[in-house]
Amino acid sequence: FADQLLCGDKTMRAVMNGATEIDLIHPATPDPVTGNAIKISYANRLEGILSLGIYDILGNEVARPLDGVAQGAGSWQVVCDVSHLPSGQYTYRLSEGRTVISKQFVIQR
């Protein structure tokens with residue numbers, strides 16, 4: 001006996017294949033950052049406790065816009081003040097439980 005998934009719905013396929021609670025994180029905007037703020041957008045499939053950290057090129061945490069915040073399923077966005085950060089490359093990490101998704105952005109002053 002073999003079970004074969006024939007569902008055409010992308011979300012259902014992701015759930016059946018063990019998708020994580022965090023579905024996606026979009027590229028930060030604007031990138032490169034030339035002003036004082038950056039917007040990070042993401043979506044989560046289930047309710048969860050999320051954290052979002054921003055790290056410099058050496059891996060030091062320089063900001064934590066979300067720290068253990070309970071959020072329901074849906075699309076979310078966070079606007080972060082980066083006026084205190086110098087020019088350079090940064091990584092932002094969104095985590096929920098064991099799931100961590102990261103992307104990078106550049107500050108250009």
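As the structure is a computational prediction, the values presented were derived from the model and not from experiment. All heavy atoms count here, side chains included; hydrogens, waters and symmetry mates do not.
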Enquirer: Specify whether Tyr90 and Phe105 have parallel, tilted or perpendicular ring planes, treating 30° as the upper limit for parallel and 60° as the lower limit for perpendicular.
Expert: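 The arrangement is parallel - the two ring planes meet at less than 30°.
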
Enquirer: Taking the side chain as every heavy atom from C-beta outward, state whether Ile49 and Val69 have any atom pair closer than 4.5 Å.
Expert: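 When only atoms from C-beta onward are counted, Val69 and Ile49 do not touch, as no gap falls below 4.5 Å.
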
Enquirer: Output all residues satisfying side-chain contact (heavy atoms from CB on, under 4.5 Å) with Ser75, sequence neighbours left out; order by chain, then residue number.
Expert: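 In terms of side-chain contact (heavy atoms from CB on, under 4.5 Å), with neighbours along the sequence ignored, Ser75 is linked to Ala43.
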
Enquirer: If you measure from OH on Tyr55 to CD on Gln104, what distance do you get to the nearest 0.5 Å?
Expert: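 Atom-to-atom, Tyr55:OH and Gln104:CD are 13.5 Å apart.
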
Enquirer: If the condition is side-chain contact (heavy atoms from CB on, under 4.5 Å), which residues does Ser102 pass it with, not counting sequence neighbours?
Expert: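 Residues passing side-chain contact (heavy atoms from CB on, under 4.5 Å) with Ser102: Thr91, Arg93.
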
Enquirer: Quick one: are Thr29 and Ile38 in side-chain contact, heavy atoms under 4.5 Å?
Expert: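 A side-chain contact is absent here, since even the closest heavy-atom pair is not under 4.5 Å.
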
Enquirer: Out of curiosity, does Leu85 fall in the hydrophobic cluster containing Val33 (side-chain heavy atoms, cut-off under 4.5 Å, transitive links)?
Expert: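 Same hydrophobic cluster.
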
Enquirer: Quick check: does any side chain N or O of Asn44 sit under 3.5 Å from a backbone N or O of Gly72, one acting as donor and the other as acceptor?
Expert: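 Yes: the side chain of Asn44 pairs with the backbone of Gly72.
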
Enquirer: For residues 70-89, which residue pairs qualify under salt bridge (Lys or Arg N to Asp or Glu O under 4.0 Å), counting only residues two or more places apart or in two chains?
Expert: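 The answer is none; no pair qualifies.
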
Enquirer: When rounded to the nearest 0.5 angstrom, what is the spacing between OG1 in Thr34 and CD in Gln108?
Expert: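 Reported to 0.5 Å precision, the distance equals 8.0 Å.
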
Enquirer: Counting N and O atoms only, with roles assigned by atom type, does the side chain of Ser51 sit under 3.5 Å from a partner on the main chain of Gly68, one being a donor and the other an acceptor?
Expert: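 Confirmed, Ser51 side chain pairs with Gly68 backbone.
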
Enquirer: Please check if Leu66 and Tyr92 belong to a single hydrophobic cluster, counting links between Ile, Leu, Val, Met, Phe, Trp and Tyr side chain heavy atoms closer than 4.5 Å.
Expert: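 Leu66 clusters together with Tyr92.
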
Enquirer: Strictly by modelled atom types, are Tyr42 and Gln71 linked by a side-chain donor-acceptor pair under 3.5 Å?
Expert: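 Indeed, the side chains of Tyr42 and Gln71 share at least one donor-acceptor pair under 3.5 Å.
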
Enquirer: Quick check against the 3.5 Å criterion: does Asp31 have a side-chain atom that pairs as donor or acceptor with the backbone of Val106?
Expert: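 Here the side-chain-to-backbone pair exists.
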
Enquirer: Do the side chains of Ser95 and Leu50 get nearer than 4.5 Å, heavy atoms only?
Expert: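 With C-beta onward as the side chain, the pair stays apart.
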
Enquirer: Restricting to non-hydrogen atoms, name the atom on His84 and the atom on Val62 that form the minimum distance, rounded to 0.1 Å.
Expert: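 Heavy atoms only, the tightest pair is NE2-O, 3.6 Å.
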
Enquirer: Looking only at heavy atoms, which two atoms of Ala37 and Val82 are closest? And how far apart?
Expert: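 Answer, listing the atom of Ala37 first, then Val82: N-CG2, 4.0 Å.
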
Enquirer: Are the side chains of Pro65 and Ile54 in contact, using a 4.5 Å heavy-atom criterion?
Expert: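 Yes, close enough: below the 4.5 Å cut-off.
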
Enquirer: For Gly88, does its backbone N or O pair with a side-chain atom of Arg109 as donor and acceptor, under 3.5 Å?
Expert: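 Not at all, since once roles are kept as given, no pair shorter than 3.5 Å links the two residues.
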
